[in-house]
Amino acid sequence: MTASRFENFVSRFGAMLDASQGDEARILREGTPLLRELVSHDDWLAPQHARSPETGYAQYLLHLDPQKRFSVVSFVWSPGV
């Protein structure tokens, strides 16, 4: 995992939330490209957070903002689910 890529996203997203002052339209406008940039790479998710069970799905909490403004969660489904 490229920790710096994920940590950079978390830091930038938190700073964007600070600056947005709760303006939902601004959060969507400025947060979308941040998330798009993160998920356009496949090197930031640790292997243990990409494992699926034999059936069903797994959910991993990757980050919970200290102020509880946002969280980042990985959902991984088993093949064929």
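Hydrogens, waters and symmetry mates play no part in the numbers below; they use all other heavy atoms, side chains included. None of these values were measured; they are calculated from a predicted model. Position 1 is the first residue of the sequence, and the numbers go up from there.
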**Q** For residues Q48 and Y60, determine if any side-chain heavy atom of one lies less than 4.5 Å from a side-chain heavy atom of the other.
**A** no
**Q** First locate atom CG of L34, then atom CG of N8, and finally report the distance between them rounded to the nearest 0.5 Å.
**A** 8.5 Å
**Q** Can you pull the ring-ring contact (aromatic ring centres under 6.0 Å, His included) pairs that have at least one residue in residues 7-38, sequence neighbours excluded?
**A**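 Of all non-adjacent pairs touching residues 7-38, those that pass ring-ring contact (aromatic ring centres under 6.0 Å, His included) are F9-F13, F13-F70.
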**Q** Test of understanding: with side chain to side chain donor-acceptor pair (under 3.5 Å), list the residues that count as partners of D18, not counting sequence neighbours.
**A** R69
**Q** Would you please name every residue forming a side chain to side chain contact (heavy atoms under 4.5 Å, CB included) with A19, sequence neighbours left out?
**A**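 Side chain to side chain contact (heavy atoms under 4.5 Å, CB included) check on A19 returns R26.
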**Q** Could you pull out all residues at least two apart from S52 that satisfy side chain to side chain contact (heavy atoms under 4.5 Å, CB included)?
**A**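 S52 satisfies side chain to side chain contact (heavy atoms under 4.5 Å, CB included) with V76, S78, P79 once adjacent residues are dropped.
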**Q** Identify the heavy atoms of A58 and R51 that sit nearest to each other, and give their distance.
**A** CB-O, 3.8 Å
**Q** Partners of D23 by side chain to side chain donor-acceptor pair (under 3.5 Å), sequence neighbours excluded?
**A** none
**Q** Measuring only between side-chain heavy atoms, which start at C-beta, is L45 closer than 4.5 Å to L62?
**A**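 Touching, per the 4.5 Å side-chain cut-off.
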**Q** Does S11 reach the main-chain N or O of E7 with its side chain, forming a donor-acceptor pair under 3.5 Å?
**A**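 Checked: no pair found.
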**Q** Has Q59 got more than 12 heavy atoms of other residues, nucleotides or ligands less than 6.0 Å from its CD?
**A**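 Yes, enclosed.
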**Q** Using the test side chain to side chain contact (heavy atoms under 4.5 Å, CB included), find all partners of S40 that sit at least two apart in sequence or belong to another chain.
**A**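 With neighbours one apart ignored, the set is E37.
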**Q** At their closest point, which heavy atom of M16 faces which heavy atom of G31, and how far apart are they?
**A** CE-CA, 3.8 Å
**Q** Which residues pass the side chain to side chain contact (heavy atoms under 4.5 Å, CB included) test with Q21, not counting sequence neighbours?
**A**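 Partners of Q21 under the side chain to side chain contact (heavy atoms under 4.5 Å, CB included) test: none.
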**Q** NE2 of H49 to CZ of F75: how many Å apart, nearest 0.5 Å?
**A**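 Result: 13.5 Å between the selected atoms.
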**Q** Which heavy-atom pair separates T32 from L28 by the least distance, and what is that distance?
**A** OG1-O, 2.6 Å
**Q** Considering non-hydrogen atoms only, spot the tightest contact between P33 and E30 and give its length.
**A** CD-O, 3.5 Å
